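We name chains A, B, ... by the order of the sequence lines, and we start the count at 1 in each one. Model, not experiment: these values are computed from the prediction. Any value given below was found using the heavy atoms of this structure, including those in side chains, with hydrogens, waters and symmetry copies removed.
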Amino acid sequence: MPNMTLTKTPMPVQDPKARGSNFLEVALGYTPEMAVEEAKRCLNCKNPKCVEGCPVNIRIPEFITRMAEGDFRGAYEIIAADNALPAVSGRVCPQETQCEQKCVRGIKGEPVAIGRLERFAADWYRENVHAMPQKPESNGKKVAVVGSGPAGLACAGELAKRGYQVTVFEALHAPGGVLVYGIPEFRLPKAIVAGEVEKLEAQGVEVMTNMVIGRVLSIDELMEQGYEAVFIGSGAGLPMFMGIPGEGLRGVYSANEYLTRANLMKAYREDSDTPVLRSKRVAVVGGGNVAMDAARCALRLGAEEVSIVYRRGEAELPARAEEIHHAKEEGIVFRLLTNPVRVLGDEEGRARAMECVRMELGEPDASGRRRPVAIPGSEFTLEADTVIMALGTSPNPLLRSTTPGLEANRRGCLVVDEETMMTTREKVYAGGDAVTGAATVILAMGAGKKAAREIHRKLSGTP
Amino acid sequence: MYEIVKKRELNPDVTLMEVAAPFVARKARAGQFIIFRVDERGERVPLTIAGYDREKGTVTIIFQKAGLSTRLLGELKEGDAILDFVGPLGKPTCTEGIKKVCVIGGGVGCAIAYPSAVAFREAGAEVTAIAGFRNKQIVILEEEFRAACGRTYIMTDDGSYGEKGLVTAKLKELLDAGETFDEVLAIGPIPMMRFVVETAKPYGVKTVVSLNPIMVDGTGMCGGCRVTVGGQVKFACVDGPDFDGSLVDFDELASRNRTYQDREREAAEGHACRLLAMGKEG
């Protein structure tokens with residue numbers, strides 16, 4: 001008999017007060033008992049809608065059935081067949097707009113907690129099965145992957161499985177891309193990312209850090225060095241600013257910079273040499289996951305008050321539901337329907353406040369969301385010694401500007417053939433945020449995997 | 001890991017290192033920079049490339065032991081290794097179309113000005129160098145400049161060596177004497193670069209400056225190095241580091257560079273123990 005409880009089995013979390021001052025993981029994960037209990041909520045639909053909702057089409061009811069039987073290893077293996085990084089996506093996927101949105105249990109009550117179950121399977125496997133994957137027999141062909149974020153890692157893993165000799169080139173000093181510089185430790189422990197990279201290395205993938213492709217080597221030079229195909233998974237790393245007065249003041253950060261200092265450079269630790277401002281009042285502009293991450297980092301770095309300043313309303317917040325919930329629990333103030341006009345500084349050039357205007361929602365815009373319109377005369381001043389701009393990012397122009405024939409669209413995103421993932425250059429493929437603009441980890445992984453299959457098809461001559 | 005194959009103290013505060021970094025050496029050009037991270041705890045610090053040997057696969061850096069990270073780097077010896085060394089980053093100095101150039105370096109800025117002077121000469125330009133220092137004790141690269149440039153003027157603030165006065169005094173003297181330049185390249189402290197711009201401007205001479213804002217990744221990702229140039233926001237790491245000096249908002253740059261000054265001061269005191277520990281390890 002299925003478990004007909006209307007709500008998800010709750011996930012244990014760190015106490016909101018305590019976690020406000022540490023960088024340890026917030027969501028603690030299910031126990032085996034909880035996982036089995038939650039797995040039993042799945043009705044094992046004949047025509048599972050959840051699978052359609054998953055960008056990589058994990059066979060969700062199948063893995064959940066195994067889990068309900070207590071076969072955690074079997075559950076993991078089903079997930080791993082379609083998803084290269086389950087411990088990551090179980091933590092950072094926006095399940096509520098993907099698999100869980102389609103779950104029939106969600107019609108009356110809450111959907112099955114697919115994300116939590118996925119995470120449990122991956123964590124259980126990591127903790128209980130220590131076998132490293134074997135290195136497959138080499139097929140003698142070399143492929144280069146540019147960028148070690150979710151797209152690049154997924155592509156590398158998929159190619160390595162098929163015997164390709166893969167070199168991943170990473171510009172920073174540590175592999176993982178946004179998984180290490182962007183997403184904070186308290187949401188995705190870095191040891192998990194490192195573990196995934198180790199698994200790839202065990203399969204023969206070579207990771208070269210400190211290699212900025214486009215500067216140190218061009219795509220053409222990679223081809224000359226014998227790489228038969230190149231996959232570009234360089235992400236969308238270029239931060240946007242609002243273009244309002246005062247953005248050059250000290251204490252105004254892009255979320256990328258703030259998060260990179262906190263996460264990659266570990267500025268929150270006493271023994272890190274990298275500085276980050278220890279602020280009193282922080283305003284984070286934006287409403288996505290990156291904004292939530294920045295706000296929650298600021299809180300943990302000791303800020304007394306942290307606000308999210310977002311020009312639309314609560315319903316329009318693009319962040320994952322769980323992040324918004326956690327942020328509120330931790331005491332982050334949500335200043336919705338509010339838009340910055342300028343940042344005000346002191347005589348030393350330091351940010352001291354932000355002038356904002358209140359907004360109301362008007363007619364829907366091109367994105368289908370109601371357009372926020374400023375209410376005249378509603379300006380007010382919000383005190384803030386640190387302002388973090390989390391307005392989105394666009395692809396870095398370095399590769400397209402140094403690779404002849406590599407075309408991008410007006411937004412700077414690389415143009416690919418949607419069927420083959422090939423760019424406008426023969427044997428050069430791309431996927432992830434470099435193609436879509438800022439999107440999700442799982443979409444990037446899906447794209448990396450698809451490109452790997454297409455590269456294999458091309459290089460092996462299989463139809 | 002990137003081995004230090006040669007180390008030389010140029011003056012009590014300024015050190016030269018040749019670092020084995022074959023990939024960087026193969027592509028490096030004057031005006032570009034690298035980012036180093038001395039060890040696992042270290043911050044990412046940009047340094048302009050002072051030279052390179054493509055055959056040996058080495059890159060030369062010259063740095064002033066000013067902050068914590070450069071002092072930690074300075075503690076390393078020949079044969080030691082730097083954990084991370086990434087580059088070449090930024091755009092190279094543009095030598096195109098320049099027939100006569102005046103290259104001006106201030107203090108350790110001379111280390112950056114020198115490879116650009118060489119690049120100009122190799123591109124066929126007639127190069128005049130003006131190198132300014134506080135006093136005789138800290139003069140660096142004099143022979144190198146003299147070998148590379150048609151004329152080299154050494155200036156010291158106190159007159160203890162070369163001619164007494166600021167680099168701008170020499171520039172003005174040359175311009176007043178009817179000297180013409182297609183461009184002035186000024187590299188050094190912000191006040192110096194700003195005064196060079198102001199000195200050259202009335203003569204209709206463009207000054208290019210090389211900026212050194214705070215940076216993390218050096219690839220356009222963090223935006224920490226943003227500078228306002230001609231009213232537009234530019235990232236020094238990918239759009240620069242060289243910019244038309246007359247368009248640069250130096251006040252903003254100087255202010256932003258002070259972001260962590262309190263911490264730097266603390267670090268200078270608090271991290272003394274770390275420096276000592278490193279000294280012992282070596």
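Residue A:Met208 touches chain B through its side chain alone, counting heavy-atom pairs closer than 4.5 Å. Interface residue B:Thr259: backbone and side-chain heavy atoms are both found under 4.5 Å from chain A. Only the side chain of B:Tyr2 comes within less than 4.5 Å of a heavy atom in chain A; its backbone stays farther off. Contacts between B:Phe85 and chain A at a heavy-atom distance below 4.5 Å involve the backbone alone (N, CA, C, O). If you measure heavy-atom distances from B:Val216 to chain A, the contacts under 4.5 Å come from the side chain alone. Only the side chain of B:Ile214 has a heavy atom closer than 4.5 Å to any heavy atom of chain A. Only the side chain of A:Arg261 comes within less than 4.5 Å of a heavy atom in chain B; its backbone stays farther off. Of the two parts of B:Gln232, neither the backbone nor the side chain holds a non-hydrogen atom closer than 4.5 Å to a non-hydrogen atom of chain A.
Across all non-hydrogen atoms, the minimal contact from A:Leu238 to B:Phe235 is CD1-CE2, 4.3 Å. Looking at every heavy atom in both residues, B:Phe23 comes nearest to A:Leu217 through CE2-CD1, 4.1 Å. For the residue pair A:Arg250 and B:Arg256, the shortest heavy atom distance occurs at CG-CA, 3.7 Å. Across all their heavy atoms, A:Asp271 and B:Arg41 have their closest contact at O-NE, 2.8 Å. In this structure, B:Ser255 and A:Glu348 approach most closely via the heavy-atom pair OG-O, 3.5 Å. Contact record, B:Gly220 with A:Pro239: O-CD, 3.4 Å, taken as the closest heavy-atom pair.
Interface check for chain A: of the options B:Thr228, B:Val233, B:Asn257, B:Leu89, the most heavy-atom pairs under 4.5 Å are formed by B:Leu89. Of the listed residues (B:Gln32, B:Lys27, B:Met221), the greatest number of heavy-atom pairs within a distance under 4.5 Å of chain A belongs to B:Met221. Among the candidates A:Val276, A:Leu398, A:Thr393, the residue making the largest number of heavy-atom pairs closer than 4.5 Å to chain B is A:Val276. Heavy-atom pairs under 4.5 Å with chain B peak, among A:Ser254, A:Ala236, A:Gly248, at A:Gly248. Looking only at heavy-atom pairs under 4.5 Å with chain A, the residue among B:Gly218, B:Pro88, B:Ala28 that has the most is B:Pro88.
Taking CD from B:Glu252 and CG from A:Leu249, the interatomic distance works out to 7.5 Å, rounded to the nearest 0.5 Å. The distance from the CZ atom of B:Phe36 to the CG atom of A:Asn210 is 13.0 Å, given to the nearest 0.5 Å. For the atom pair CZ (A:Arg350) and CZ (B:Arg258), the distance works out to 9.0 Å, reported to the nearest 0.5 Å. The structure places CD1 of B:Ile35 at 9.0 Å from CG of A:Leu172, a figure rounded to the nearest 0.5 Å. Here the straight-line distance linking atom CZ of B:Arg44 with atom OG1 of A:Thr260 works out to 9.0 Å at 0.5 Å rounding.
At most 12 heavy atoms of other shown residues, nucleotides or ligands fall within 6.0 angstrom of atom CZ in A:Arg269. In the displayed structure, A:Tyr227 atom OH is contacted under 6.0 Å by more than 12 heavy atoms of other residues, nucleotides or ligands. When the shell of 6.0 Å around CZ of B:Arg29 is examined, it contains 12 or fewer heavy atoms from other residues, nucleotides or ligands.
Using a cut-off of 4.0 Å between Lys/Arg side-chain N and Asp/Glu carboxylate O, A:Glu221 and B:Arg26 are scored as not salt-bridged.
Using a 4.5 Å cut-off on side-chain heavy atoms (C-beta onward), A:His173 and B:Val86 make no contact. Side-chain contact between B:Asp217 and A:Tyr181 is absent, with no heavy-atom pair separated by less than 4.5 Å. With contacts defined as side-chain heavy-atom distances shorter than 4.5 Å, the pair B:Arg37/A:Met265 qualifies.
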Dump the intermediate steps for side chain to side chain contact (heavy atoms under 4.5 Å, CB included) on A:Asp273 and B:Leu72, then the final yes or no.
-> CA-CA 11 Å; A:Asp273 292 344; B:Leu72 290 169; 3.6 Å; yes

